[in-house]
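Along the sequence shown, residues are numbered consecutively beginning with 1.
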Amino acid sequence: MLERAEALGITTAFQRAEMMAACPIGAGQSGTCCKNCYMGPCRITKEGQVGVCGATMQTISARNMARAIAAGSAAHSDHGRDLAFTLLATAEGKAQGYEIRDVAKLWNVAKKYGVQTQGRSKEDVAKELALKGISMFGQQQGETIYIQHAPEKRQKIWKQVGVVPRGVDREVVDVLHRTHMGDDQDPEHILLGAVRCALADGWGGSMLASDFSDILFGTPSPNVSQVNLGVLKSDEVNILVHGHEPTLSEMIVAACQDPAMQEYARSKGAKGVNLAGICCTSNEILIRQGIPSAGNFLNQELALITGAVDAMVVDVQCIMQALPEVASHFHTKIITTSPKVKITGALHVEFDEHKALDQARELVKMAIDNYPNRGETMIPEQQSDLVPGFSHEYINYMLGGTFRASFRPLNDGIMSGRIRGVVADVGCNNPRTTQDATHNYLVRELLKNDVLVVETGCGALASAKMGYLLGDAAMEYAGPGLREICEAVGIPPVLHAGSCVDNTRILTVLTQMAAEGGLGDDISDIPAVGLAPEWMSEKALAIGAYCAASGAYVIFGTTSPIASDDVVQKLMTEDWEAKYGGKMEFVMEPEEILRKSLEHIDKKRAALKLPAWEPTRHGKSGDWRMEELFKLPVEARAEALYGTPIPA
Ligand code: BF8
């Protein structure tokens with residue numbers, strides 16, 4: 001696709017990253033450029049230098065980090081807020097096309113929020129729940145409701161350190177205020193505010209987003225789908241949905257499945273309507289409805305360069321401003337829909353949940369009407385099958401079954417050493433490094449080391465493209481112990497848990513593992529690591545901060561926004577580890593990320609007094625072992641199995 005782009009004179013993020021060297025002083029690379037007032041910008045290039053107001057390198061670096069975390073928290077949590085309003089409108093019967101699809105989840109979430117369910121209609125319960133959810137954003141005092149569902153020990157730590165979040169909006173405003181010129185100047189204290197803000201997202205807005213999405217659109221469970229540019233079809237109308245919110249895209253799914261729309265497409269000479277996604281909007285409809293994905297963040301321009309996309313409908317976040325320019329070389333329509341997002345050169349059809357289904361039909365019709373304008377296309381053949389949809393509810397269920405759902409088998413697997421530990425590989429693509437390469441390398445190596453991998457966001461789609469989200473392809477790499485567990489339970493060793501807001505599902509899994517027993521009594525005790533090896537977005541920093549403050553060791557790759565400042569690096573590692581039991585580190589070399597992850601897992605195993613992981617100790621049973629054995633002559637097989645030759 002890059003060759004085609006070059007031939008057509010189109011630039012992509014891949015070329016732009018080469019042409020545009022990253023500013024060595026700015027917030028992106030070393031974090032010591034201060035633009036928070038207009039006496040500057042002050043660019044601090046060496047220790048001892050200060051800004052016009054006297055701000056030190058440490059203060060500037062911590063401020064930039066805190067502001068990025070606040071922006072990331074705002075983006076994720078605001079997505080949650082919109083879902084709360086959609087739930088309210090649905091409960092009131094004012095949201096066209098929406099319904100409460102998962103009543104069991106509604107009941108569970110209502111219980112968490114202290115909403116009475118007995119004798120009440122689902123609409124009544126959903127209305128009270130939605131109102132409580134909405135009020136959480138503006139909550140001025142106390143703690144967000146979800147905090148009470150963290151392990152008890154964790155809650156005590158947060159109280160002791162003073163980072164229990166109030167409402168999301170309050171914490172975001174707090175960080176913006178304290179990082180204004182002339183306010184908080186102590187780097188440790190600035191980061192304390194940033195952590196509280198991130199926790200308001202992780203144990204607040206983002207967790208709400210996953211819960212309320214499940215209520216409206218169904219809790220994900222495994223399905224089979226496809227990923228990569230090959231999901232586009234040369235003889236059908238191709239519509240891509242891109243961004244993050246499931247609200248409008250779920251209605252577009254419904255509109256595309258309408259036989260009248262398919263018939264309309266045929267009237268225009270197409271064989272039908274083909275819907276696919278990009279980024280996390282894609283993940284949302286992939287994990288629930290099995291709608292194929294055209295790929296992750298760096299696939300967005302490549303998809304347009306096929307010339308086969310009749311409309312790309314975007315909502316919020318991770319949408320490149322370059323899209324209308326790329327689309328201008330083809331017939332493709334770029335359509336923005338969020339009241340928060342307009343892009344020069346794109347059409348704008350503002351989303352209104354009260355008439356969402358009508359709008360979705362209108363958008364699908366626009367794409368169909370555009371099909372006859374399509375010129376020459378070039379669609380790569382590449383596509384892979386995948387099994388997405390491992391929500392925390394499903395992981396719990398698959399391990400124990402309907403009547404005894406539990407995390408016991410997973411905990412036992414870790415305790416016995418069959419599973420060395422768990423790694424969450426999440427986050428973006430970044431054109432400063434080869435697309436997907438670090439995700440893929442780490443997943444393969446972790447599997448070989450008997451590490452169970454859980455993924456979300458663009459990391460999950462990177463694995464999907466390689467076929468790692470299917471049993472067989474991933475099992476090729478899985479170590480014998482991990483393989484044994486996966487075969488016994490019937491799961492792939494790489495689990496797709498959802499979009500980026502769904503990282504909170506991983507917090508829930510870790511909390512439930514801690515509650516199950518045998519792996520300590522807090523998230524920080526579990527042999528687990530979080531990785532964002534190709535990150536680029538502020539949301540990734542917010543996720544990293546709430547995971548670290550929840551007790552996890554989090555490693556970011558590719559680039560470090562605190563590279564030039566040792567003090568802030570120390571604060572986010574040594575100081576955070578002492579305070580929260582988790583830390584956040586930036587490590588550039590993939591091999592080093594792997595080494596540090598395994599070292600941390602082994603350190604946690606030792607602290608729990610679990611047997612040290614041994615690569616060949618397990619795996620002497622299971623299909624793989626039997627296949628190997630059946631390749632042997634019968635005498636050797638008997639000897640291997642029973643230790644004695646076959647009796648004559
Ligand atoms: O929220 S992983 S590039 S698409 S920010 Fe964006 Fe990063 Fe992808 Fe999803 Ni998350």
J.: Do we see a donor-acceptor contact under 3.5 Å between the side chains of H392 and Q512?
T.: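 The answer is no; no qualifying pair exists.
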J.: How about OH on Y441, more than 12 heavy atoms from neighbouring residues, nucleotides or ligands closer than 6.0 Å, or not?
T.: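 Result for OH/Y441: enclosed.
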J.: Do Q155 side-chain atoms and Q148 backbone N/O form a donor-acceptor pair below 3.5 Å?
T.: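 Yes; at least one donor-acceptor contact below 3.5 Å.
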J.: Quick check: do L447 and Y468 have side-chain heavy atoms less than 4.5 Å from each other?
T.: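 Contact flag for L447/Y468 side chains = no.
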J.: Return the minimal non-hydrogen interatomic distance between A497 and V454, and the atom names on each side.
T.: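 Heavy atoms of A497 and V454 come nearest at CB-CG1, 3.8 Å.
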J.: Decide side chain to side chain donor-acceptor pair (under 3.5 Å) for T247 and D82; before the verdict, give the C-alpha distance in whole Å, the side-chain angles of both, and the deciding distance to 0.1 Å.
T.: CA-CA 9 Å; T247 0; D82 285 345; over 6 Å; no
J.: When rounded to the nearest 0.5 angstrom, what is the spacing between CG in L510 and CZ in F407?
T.: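 If we round to the nearest 0.5 Å, L510:CG and F407:CZ are 9.0 Å apart.
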J.: State plainly whether the residues R288 and D102 are in salt-bridge range, i.e. N to O under 4.0 Å.
T.: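 Salt bridge flag = no for D102 with R288.
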J.: With a 4.5 Å limit on heavy-atom distance, are the side chains of I252 and I285 in contact?
T.: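 A side-chain contact under 4.5 Å is absent here.
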J.: Write down the atom of H149, the atom of T511, and the distance for their closest heavy-atom approach.
T.: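 For H149 versus T511, the nearest heavy atoms are O-CG2, 3.4 Å.
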J.: Could you tell me the separation between the OG atom of S550 and the CG atom of L199, rounded to the nearest 0.5 Å?
T.: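 These two atoms lie 5.5 Å from each other.
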J.: Within the distance-only criterion (no hydrogens, no angle test), does the side chain of N396 pair as donor or acceptor with the backbone N or O of E393 below 3.5 angstrom?
T.: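 Such a contact is absent between N396 side chain and E393 backbone.
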J.: Begin with the C-alpha distance, continue with both residues' side-chain angles, and end with the deciding distance and a verdict on side chain to side chain contact (heavy atoms under 4.5 Å, CB included) for L452 and I485.
T.: CA-CA 10 Å; L452 180 71; I485 298 270; over 6 Å; no
J.: Working to the nearest 0.5 Å, report the span between NZ of K132 and CG of L208.
T.: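 Interatomic distance, K132 NZ to L208 CG, rounded to 0.5 Å: 13.0 Å.
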J.: Counting only N and O atoms by type, is there a donor-acceptor contact under 3.5 Å from the side chain of N440 to the main-chain atoms of A462?
T.: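 Between the backbone of A462 and the side chain of N440 there is a qualifying donor-acceptor contact (under 3.5 Å).
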J.: If every non-hydrogen atom of H244 is compared with every non-hydrogen atom of H79, which pair is closest and at what distance?
T.: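 Scanning both residues, the minimum pair turns out to be O-CE1, 3.3 Å.
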J.: Is there a donor-acceptor contact under 3.5 Å from the side chain of S499 to the main chain of G457?
T.: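 Between the backbone of G457 and the side chain of S499 there is no qualifying donor-acceptor contact (under 3.5 Å).
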J.: Under 3.5 Å, is there a donor-acceptor pair linking the side chains of D315 and T281?
T.: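 Yes, side-chain donor-acceptor contact under 3.5 Å.
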J.: From I69 CD1 over to D201 CG, what is the distance, rounded to the nearest 0.5 angstrom?
T.: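 Interatomic distance, I69 CD1 to D201 CG, rounded to 0.5 Å: 10.5 Å.
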J.: N238 side chain to L232 main-chain N or O, any donor-acceptor pair under 3.5 Å?
T.: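 No; judged by distance alone, with no hydrogens or angles, the pair does not exist.
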J.: Could you check if a side-chain atom of F217 sits within less than 4.5 angstrom of a side-chain atom of F212, using non-hydrogen atoms only?
T.: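 They are not in side-chain contact.
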J.: Flag the pair L469 / P388 as yes when at least one side-chain heavy-atom distance between them is below 4.5 Å, and no otherwise.
T.: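 Of all side-chain heavy-atom pairs linking P388 with L469, none is under 4.5 Å.
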J.: Do N228 and Q382 have side-chain N/O donor and acceptor atoms under 3.5 Å apart?
T.: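 Judged by distance alone, the side chains do not pair up.
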J.: Give, for atom CG of L83 and atom CD1 of I215, the distance between the pair rounded to the nearest 0.5 Å.
T.: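 The distance works out to 10.0 Å.
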J.: Name all pairs fulfilling the salt bridge (Lys or Arg N to Asp or Glu O under 4.0 Å) condition that reach into residues 442-455, sequence neighbours left out, sorted by first residue then second.
T.: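 For residues 442-455, and leaving out neighbouring residues, the salt bridge (Lys or Arg N to Asp or Glu O under 4.0 Å) pairs sorted by first residue read E445-K448.
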J.: Can V241 and I291 be said to form a side chain to side chain contact (heavy atoms under 4.5 Å, CB included), step by step?
T.: CA-CA 10 Å; V241 283; I291 301 296; over 6 Å; no
J.: Here's a test for you: under side-chain contact (heavy atoms from CB on, under 4.5 Å), which of E284, E245, K539 qualifies with V501?
T.: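 The passing option is E284.
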J.: Can you list the steps and then say if N299 with Q435 is a side chain to side chain contact (heavy atoms under 4.5 Å, CB included)?
T.: CA-CA 9 Å; N299 273 32; Q435 183 183 10; 2.9 Å; yes
J.: Using only atom types and a distance under 3.5 Å, with no angle test, would you say the side chain of E516 pairs donor to acceptor with the backbone of N411?
T.: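 Answer holds: no.
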J.: Would you indicate whether the side-chain heavy atoms of P493 and M475 approach each other to under 4.5 Å?
T.: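 Heavy-atom side-chain distance check passes, below 4.5 Å.
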J.: Who pairs with A254 by side chain to side chain contact (heavy atoms under 4.5 Å, CB included), at least two apart in sequence or on another chain?
T.: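 Partners of A254 by the side chain to side chain contact (heavy atoms under 4.5 Å, CB included) criterion, ordered by chain and then number, come out as L357.
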J.: If only atom types and distance count, is the side chain of D525 paired as donor or acceptor with the main-chain N or O of D522 below 3.5 Å?
T.: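 Present.
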J.: Between I491 and I395, is the side chain to side chain contact (heavy atoms under 4.5 Å, CB included) condition met? List the steps.
T.: CA-CA 9 Å; I491 51 164; I395 295 176; over 6 Å; no
J.: Could you tell me which non-hydrogen atom of L507 sits nearest to which non-hydrogen atom of G202, and how far apart they are?
T.: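 Taking L507 first and G202 second, the nearest heavy atoms are CD1-O, 4.1 Å.
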J.: Does H496 reach the main-chain N or O of L461 with its side chain, forming a donor-acceptor pair under 3.5 Å?
T.: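 Side chain of H496 to backbone of L461, a donor-acceptor pair under 3.5 Å: no, none is there.
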J.: Is the backbone of W203 close enough, under 3.5 Å, to the side chain of T144 for a donor and an acceptor to pair up by distance?
T.: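 Yes, because the side chain of T144 sits within donor-acceptor range (under 3.5 Å) of the backbone of W203.
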J.: Does E92 have more than 12 heavy atoms from other residues, nucleotides or ligands lying within 6.0 Å of its CD?
T.: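 Yes, enclosed.
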J.: Would you call R81 and D78 a salt bridge, taking side-chain N to carboxylate O under 4.0 Å as the test?
T.: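 Between D78 and R81 there is a salt bridge, with a charged N closer than 4.0 Å to a carboxylate O.
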J.: Counting C-beta onward and ignoring hydrogens, is there a side-chain heavy-atom pair between S225 and Q289 closer than 4.5 Å?
T.: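 They are not in contact (no side-chain heavy atoms under 4.5 Å apart), so the answer is no.
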J.: Has S416 got a side-chain atom pairing as donor or acceptor with G413's backbone, closer than 3.5 angstrom?
T.: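 Looks like yes, one N/O pair under 3.5 Å.
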J.: Which heavy-atom pair separates C458 from N283 by the least distance, and what is that distance?
T.: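 Heavy-atom minimum between the residues: N-ND2, 4.5 Å.
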J.: Tell me the closest heavy-atom pair linking P165 and I147, and the distance in Å.
T.: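 Heavy-atom minimum between the residues: CD-CD1, 3.5 Å.
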J.: Answer yes or no: is there a side-chain heavy-atom contact under 4.5 Å between Q383 and P292?
T.: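 Q383 does not reach P292 side chain to side chain.
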J.: Could you check whether any side-chain heavy atom of V115 comes within less than 4.5 Å of a side-chain heavy atom of R120, counting everything from C-beta outward?
T.: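 With C-beta onward as the side chain, the pair touches.
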J.: Answer yes or no: does atom NZ of K127 have more than 12 heavy-atom neighbours from other residues, nucleotides or ligands under 6.0 Å?
T.: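 Counting neighbours around NZ of K127, 12 or fewer heavy atoms of other residues, nucleotides or ligands fall under 6.0 Å, so no.
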J.: For salt bridge (charged side-chain N to carboxylate O under 4.0 Å, His left out), just list the numbers for R418 and D412, CA-CA rounded to whole Å, side-chain angles, deciding distance to a tenth of an Å, and then say yes or no.
T.: CA-CA 9 Å; R418 283 187 171 81; D412 285 347; over 6 Å; no
J.: Assign the ring pair Y146 / Y113 to parallel, tilted or perpendicular, where the plane angle (0 to 90°) is split at 30° and 60°.
T.: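 Perpendicular, since the angle between the ring planes exceeds 60°.
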J.: Could you tell me the separation between the CG atom of N274 and the CD1 atom of I239, rounded to the nearest 0.5 Å?
T.: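 If I round to the nearest 0.5 Å, the distance is 8.5 Å.
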